[in-house]
Amino acid sequence: MEGKNVLLAIILSTIVLVFWATFFEAPIVDPSTSENQITKNEDVSSPSIDDNVKEIKNEITRNEIINSVNRIKVENENIKGSISLQGAIIDDIIFKNYNETLDGESKVIFLNPKSSSKEYFIETGWASSGDESIKLPVSDSIWKVKGNSTLTPSSPVTIEWDNGDGLIFTKKIDLDEKFLFKITQSIKNNSNKSYQFYPYAQITRSGKIEGMKIYILHEGFLGVFGDELVEKDYDDIEKEKFTTSNSKGWLGITDKYWLTAIVPEKGKEFKAEFVAKKEKYRANYIIKEAKILNPGSSVTSEINTFVAAKEVAVIDGYAEQLGIEKFDLAIDWGWFYFFTKPLFFVIDYFFRLTGNFGLAIVIITALVRLIFFPLANYSFKSMAKMKILQPEMLRLKELHKDDKAKLQQEMMALYKREKVNPISGCLPVLIQIPFFFAIYKMLYVTLEMRHQPFFGWIKDLSERDPTSIFNLFGLIPWDPPTFLMIGAWPILMGVSMWIQQKLNPTPPDPIQAKIFMFFPIFLTIILAPFPSGLVVYWTVNNILTIAQQWVIMRGTKVKTV
């Protein structure tokens with residue numbers, strides 16, 4: 001009974017680990033008032049996804065497109081790139097502190113210009129309703145720089161566009177030391193007419209975007225509207241557009257490690273949309289209350305825009321400093337948020353203390369074992385007694401093989417007489433499952449582990465073990481196919497599981513015993529493609545468990561081999 005429950009618990013945890021998509025909810029914001037807003041317009045929208053569509057010219061390189069228009073240079077400690085003066089769009093961003101590959105020197109290219117094969121950009125502007133004759137700046141409008149032409153944290157940039165009919169559009173762009181662009185856009189009315197305008201912002205991305213193969217992480221559209229976190233896969237939006245309205249929140253598009261996000265002004269009711277059409281994806285919002293622009297006056301709107309590497313401290317800092325609702329959930333902590341995030345801070349502390357993320361994993365594994373030490377002791381003592389009773393259990397099974405009711409009765413009497421709880425060994429496994437998920441999630445989604453080495457052949461804890469038993473771990477000059485890449489650490493994990501299995505009572509059912517015998521092999525194959533940091537965690541956890549169980553069994557005079 002005990003062995004069966006443990007087996008079911010482990011199999012269940014593995015299945016959930018591989019196939020469970022993680023979702024979560026999430027804090028709040030102060031609404032503020034605005035002076036120049038009047039009637040709401042439910043039908044007003046930001047530019048359509050089909051507006052100004054051009055055929056993407058794959059033969060033109062990214063640099064050629066960038067060099068074909070005048071630009072504002074952008075640089076701080078974390079990013080570099082440029083803003084196109086054609087359309088005033090943020091479309092050229094590179095992360096200075098992150099390489100594309102472990103061994104390469106090329107930095108991560110994040111945003112790409114419009115009409116490139118992987119266009120990905122952010123634009124802001126104004127929409128009007130009713131009067132279609134109003135000339136508004138669009139994606140092809142050429143803006144002029146007023147003064148400084150290089151955007152840095154110490155030097156904001158102002159750009160201007162004149163529609164020729166008395167309306168002058170201005171954008172002041174500020175950049176902080178991290179990943180925040182603050183765009184203050186305004187319109188000055190030099191005409192004798194009155195107008196109504198609605199500020200908007202949108203993120204556009206195109207190209208076929210491959211989804212996650214293991215649904216432990218969300219990639220795609222996300223946003224917080226009110227107090228609700230909304231996550232939509234690209235496939236979801238290809239099937240059906242998402243639309244919502246609220247007066248607080250934010251929205252964007254997320255990758256595993258990178259994020260674009262736009263944040264409407266606080267307290268202003270907005271309509272948000274996630275749209276997809278012909279491999280083009282767009283997240284946008286538009287303020288629903290019109291800003292009235294009378295002759296001789298001006299209107300202003302402020303937009304916070306993020307082009308970010310999802311560093312935990314930075315994302316949390318923006319959430320707190322700017323009061324953005326649940327912005328920390330841009331990092332997909334999952335259902336076990338209350339375990340996962342605190343565990344990250346613990347492991348990050350040990351990482352900074354030791355300088356090695358692998359050692360930090362070993363330390364946090366030991367701490368988790370220490371927390372569960374008393375519970376594990378109780379469980380192992382129970383399993384030791386079960387192993388002592390195994391000959392008697394086999395005798396009863398043979399004696400009452402034709403009378404299952406009598407066998408069950410005699411078994412229960414044996415457990416009661418010897419004061420053994422047959423399911424006690426299952427309890428520690430069940431209780432530790434949330435910690436296992438939390439640690440796995442934390443290791444998988446956090447940028448801080450990306451490209452972090454351990455010792456020996458592990459150069460990147462966020463990737464699978466690069467060795468394979470099928471070429472004798474590199475001794476044979478042959479590169480096995482991916483499905484044969486079963487590395488040294490997964491094998492160590494499997495061996496440790498096999499040893500741990502030998503310390504437990506053998507299931508009386510022969511079929512169950514065979515399943516147990518093959519389970520370490522099965523789990524070795526399953527975990528081979530997982531991040532090596534997780535395999536290190538599981539292996540170290542098994543070794544510590546074996547040591548604790550062996551000591552207890554020696555104390556109870558149980559044969560351990």
Would you please classify the geometry between the [Y] ring and the [X] ring as parallel, tilted or perpendicular, with 30° and 60° separating the classes?
X	Y	result
Phe357	Phe351	tilted
Phe197	Phe169	perpendicular
Phe344	Trp333	tilted
Tyr440	Tyr444	tilted

Pair Ile79, Leu175 - check side chain to side chain contact (heavy atoms under 4.5 Å, CB included), show working. CA-CA 10 Å; Ile79 62 175; Leu175 175 67; 4.0 Å; yes
Given 3.5 Å as the limit, does a donor-acceptor pair link the side chain of [X] with the main chain of [Y], or not?
X	Y	value
Ser206	Lys118	no
Lys248	Ile324	no
Glu177	Pro153	no

Going by the salt bridge (Lys or Arg N to Asp or Glu O under 4.0 Å) test, which pairs reach into residues 301-324, not counting sequence neighbours? Asp316-Lys341
Which pairs with one or both residues in residues 65-94 pass salt bridge (Lys or Arg N to Asp or Glu O under 4.0 Å), sequence neighbours excluded? Arg62-Asp92, Arg71-Asp91, Glu75-Lys96
side-chain hydrogen bond (donor to acceptor under 3.5 Å, both in side chains) contacts in which one or both residues fall within residues 178-190, not counting sequence neighbours: Asn189-Ser191
Test side-chain hydrogen bond (donor to acceptor under 3.5 Å, both in side chains) on Glu238 and Tyr281 and set out the steps. CA-CA 9 Å; Glu238 285 174 354; Tyr281 307 92; 2.5 Å; yes
Donor + acceptor pair across side chains of [X], [Y] (<3.5 Å):
X	Y	result
Thr260	Tyr120	yes
His218	Asp233	yes
Tyr337	Asp328	yes
Ser462	Asp460	yes

Salt-bridge contact [X]-[Y] (side-chain N to carboxylate O under 4.0 Å):
X	Y	answer
Glu123	Lys114	no
Asp332	Lys441	yes
Arg352	Asp348	yes
Glu273	Lys241	yes

Ring pair (Phe, Tyr, Trp, His ring centres under 6.0 Å) involving [X] - partner list, sequence neighbours excluded:
X	value
Phe350	none
Phe179	Phe95
Tyr318	Phe306

Could you state the interatomic distance from CE (Met442) to CD1 (Ile331), rounded to the nearest 0.5 Å? 12.5 Å
Over 12 non-hydrogen atoms of neighbours within 6.0 angstrom of NZ in Lys107: yes
If you count heavy atoms of other groups shown closer than 6.0 angstrom to CZ of Phe345, is the number above 12? yes
[X] vs [Y] side-chain heavy atoms within contact, under 4.5 Å:
X	Y	result
Pro264	Ile287	yes
Phe339	Ile439	no
Ser245	Phe225	no
Leu443	Ile347	yes
Asn67	Glu64	no
Tyr285	Tyr200	no
Val263	Leu322	no
Ile262	Trp250	no

Between Glu119 and Thr204, does a side-chain hydrogen bond (donor to acceptor under 3.5 Å, both in side chains) hold up when you go through it step by step? CA-CA 8 Å; Glu119 63 179 11; Thr204 302; over 6 Å; no
Tell me, with the steps shown, if Ser194 and Asn294 meet side-chain hydrogen bond (donor to acceptor under 3.5 Å, both in side chains). CA-CA 4 Å; Ser194 293; Asn294 293 315; 3.1 Å; yes
Indicate, with yes or no, if the rings of Phe242 and Phe221 have centres closer together than 6.0 Å. no
